[in-house]
Amino acid sequence: MSAYFASLNVLKLVKNMPGGVSQGLIWGLMALGVYITFRLLDVADLTVDGSFTTGGAVTVMLILGGWPAWAALLVAVVIGMLAGFITGLLHTKLGIPAILAGILTQLSLYSINLRIMGMSANKAVSVDKYHLLLTSRNIPMAILTAALIALALIILFYWYFGTEQGSAIRATGNNPAMSRALGININSMKLLGLSLSNGVVALSGGLMSQYQGFADINMGRGAIVIGLAAVIIGEVIGNALLGKHLNFFGIMTFVVIGGVIYYLVIIIVLWLKLNSNDLKLFTAVIVAVFLAIPYLRGQRISSFSKFRKGAKKDA
Amino acid sequence: MLDIREISKTFNPGTVNEKRALNKLSLHLDPGDFVTVIGGNGAGKSTMLNAIAGVWPVDEGRIELDGHDLTPLPEHKRAFLIGRVFQDPMMGTAPNMQLEENLALAKRRGQKRGLSWGVTRDEREEYRERLKTLGLGLEDRMTARVGLLSGGQRQAVTLLMASLREPKLLLLDEHTAALDPATAAKVLELSDKIVSEHNLTTLMITHNMTDAIQHGNRLIMMNEGQIILDVRGEEKKHLTRRELIDKFAALAGTPMETDSVLLS
């Protein structure tokens with residue numbers, strides 16, 4: 001045991017932190033996309049595992065093809081939006097439940113992503129040869145770039161979801177029956193929301209591929225769960241710190257921060273020498289716990305169990 | 001104004017649960033008509049309102065409102081003409097959105113929703129004034145989430161929302177049934193006020209015979225997907241509950257079966 005603790009090097013942890021922040025910011029961006037579907041549209045959209053990779057693949061291939069990084073990212077966003085649109089069509093026009101529609105798109109994207117990357121599972125884009133927006137070689141700059149993009153996106157969404165159209169998307173997620181009665185085409189709103197969300201996710205994937213210097217067919221695996229983790233961590237912390245004063249701008253900011261916190265926790269866990277193959281399990285458990293907390297809290301207030309024999313009368 | 005010609009609707013056709021909910025139903029409303037709708041459970045009252053609102057397409061027949069043929073239009077495309085309040089107080093408002101956001105959504109009923117701001121400053125003033133008329137103190141809670149309001153308050157807000165952009169037709173689907181008697185009376189009084197202020201053409205379903213007689217200028221009774229009684233003007237004013245129950249028994253061939261109708 002003492003040998004284990006002796007092997008832990010605090011300096012190494014501190015050294016890894018900035019890298020965790022930059023990656024966390026990129027995942028936090030993706031979480032913003034997840035937030036749009038999961039919280040605003042009330043749909044658990046599993047497309048993101050695929051569209052994250054698509055964003056990375058498109059970005060890397062275009063940069064390799066001589067495109068400037070920003071233009072490659074822009075195309076990645078459009079392709080990501082298209083992926084979300086397909087999920088939306090499967091759901092709204094063909095009546096497939098949203099979760100299943102997302103799974104179908106995600107599955108098909110695996111093949112599509114391989115084709116985008118020229119049938120190879122991995123494509124490298126070296127910062128030595130190409131001009132990239134951010135790279136793990138220069139972490140402070142990467143943090144700054146990712147933070148600025150996140151801020152721009154938060155401002156954009158703060159504006160958009162305050163507009164008539166954005167309000168209609170929120171209303172659709174909040175009360176579809178009312179929305180229809182008020183003349184909102186809820187199918188269009190779902191298409192719009194799913195497209196927007198996956199556009200953001202692809203943007204995040206494009207940034208991640210530049211940051212790590214390659215796109216990988218598996219880079220998006222579990223992205224939805226990481227996104228949910230960031231959303232939930234962000235909401236919990238935001239509520240704890242700001243409570244009633246937490247507005248939409250604040251929530252989105254905390255969602256991005258949630259991504260950072262998630263990633264820092266991962267770094268600590270790795271530092272504790274946990275097997276990195278167990279990370280997904282660890283993440284799933286964290287998300288399950290945080291999703292369960294509101295429910296269990298409600299159960300404590302009103303539940304059948306307090307009437308069970310032997311239960312404390314005035315617990 | 002509203003012109004319904006021989007509409008029919010059968011649910012679950014070809015199954016053991018087949019139910020002919022509307023049976024060649026026709027109805028004509030003049031502008032300003034305030035019609036109360038009564039009838040037993042399963043008579044087709046809500047189905048008629050849903051057919052008008054376009055929740056699903058009818059099997060046959062035609063629905064016209066204010067010169068527009070509604071029959072081929074989906075629900076959201078009819079909304080520009082129709083204001084609605086539902087039986088469930090939770091159904092008419094978006095709980096996680098602010099009170100003023102809900103009103104702003106309703107203000108744009110059936111309009112194109114573009115990229116201009118969702119709630120403007122001028123609007124806020126208008127909403128404050130309108131909320132004051134409800135007398136519930138809601139004008140001071142405009143940025144509160146609607147989910148925090150009580151059922152009665154939410155139903156009053158829904159009523160206001162339905163009339164914020166003046167509808168050609170107001171559909172009230174037992175909108176007081178889920179409220180306690182005092183609140184129900186208050187909401188009903190409010191409905192009367194809003195309808196008469198704007199001279200709205202209105203269809204109101206109620207299970208309460210007394211309400212049906214006291215409100216509106218016309219009363220229709222439904223049974224098995226058809227209108228079996230249509231009373232208006234002076235004749236309606238002098239109706240009694242007893243008469244209505246007797247008429248129902250005579251017209252439908254069975255006594256009115258719902259306790260709520262008899263007891264109310």
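Just so it is clear: chains get the letters A, B, ... in the order the sequence lines come, proteins before strands, and each one is counted from 1. Both backbone and side-chain heavy atoms feed into the values below; hydrogens, waters and symmetry mates do not.
- Distance alone, capped at 3.5 Å, places no donor-acceptor pair between the Asn96(B) side chain and the Asn174(A) backbone.
- Residue Thr93(B) comes nearest to Asn175(A) through the heavy atom pair O-ND2, 2.7 Å, listed as atom of the first residue, atom of the second, then distance.
- Only the side chain of Met161(B) comes within less than 4.5 Å of a heavy atom of chain A; its backbone N, CA, C and O stay farther away.
- Of the inter-residue distances, the one linking Arg109(B) atom CZ with Ser179(A) atom OG reads 13.5 Å to the nearest 0.5 angstrom.
- Here CZ of Phe86(B) is found 9.0 Å from CE of Met178(A). Values are rounded to the nearest 0.5 Å.
- Rounded to the nearest 0.5 angstrom, Lys77(B) NZ and Arg180(A) CZ are separated by 14.5 Å.
- Proximity to chain A (any heavy atom under 4.5 Å) is shown, for Ala106(B), by both the backbone and the side chain.
- Between atom CD of residue Gln111(B) and atom CD1 of residue Ile184(A) there is a gap of 12.0 Å, rounded to the nearest 0.5 Å.
- Salt bridge annotation for Arg170(A)-Glu101(B): present, with a cationic side-chain nitrogen under 4.0 angstrom from a carboxylate oxygen.
- Most heavy-atom pairs under 4.5 Å with chain A, from the set Arg108(B), Arg165(B), Arg84(B): that is Arg108(B).
- Tyr158(A) and Trp117(B) get closest at one heavy-atom pair: O-CH2, 4.2 Å.
- If you tally non-hydrogen atom pairs under 4.5 Å between each of Ala79(B), Ala162(B), Gly114(B), Gly110(B) and chain A, the highest count goes to Gly114(B).
- Note that CZ of Arg113(B) is 12.0 Å distant from OG of Ser188(A), once rounded to the nearest 0.5 Å.
- Taking 4.5 Å as the limit, every side-chain heavy atom of Leu182(A) sits out of range of all side-chain heavy atoms of Lys107(B).
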Checklist line | Steps toward side chain to side chain contact (heavy atoms under 4.5 Å, CB included) verdict (Ser116(B), Thr163(A)) | finding: CA-CA 5 Å; Ser116(B) 46; Thr163(A) 65; over 6 Å; no

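- Contacts of Tyr160(A) with chain B are made by side-chain atoms alone, with heavy-atom separations under 4.5 Å and no backbone atom involved.
- Judged as a ring pair (Phe, Tyr, Trp, His ring centres under 6.0 Å), and not counting sequence neighbours, Phe34(B) has no contacts.
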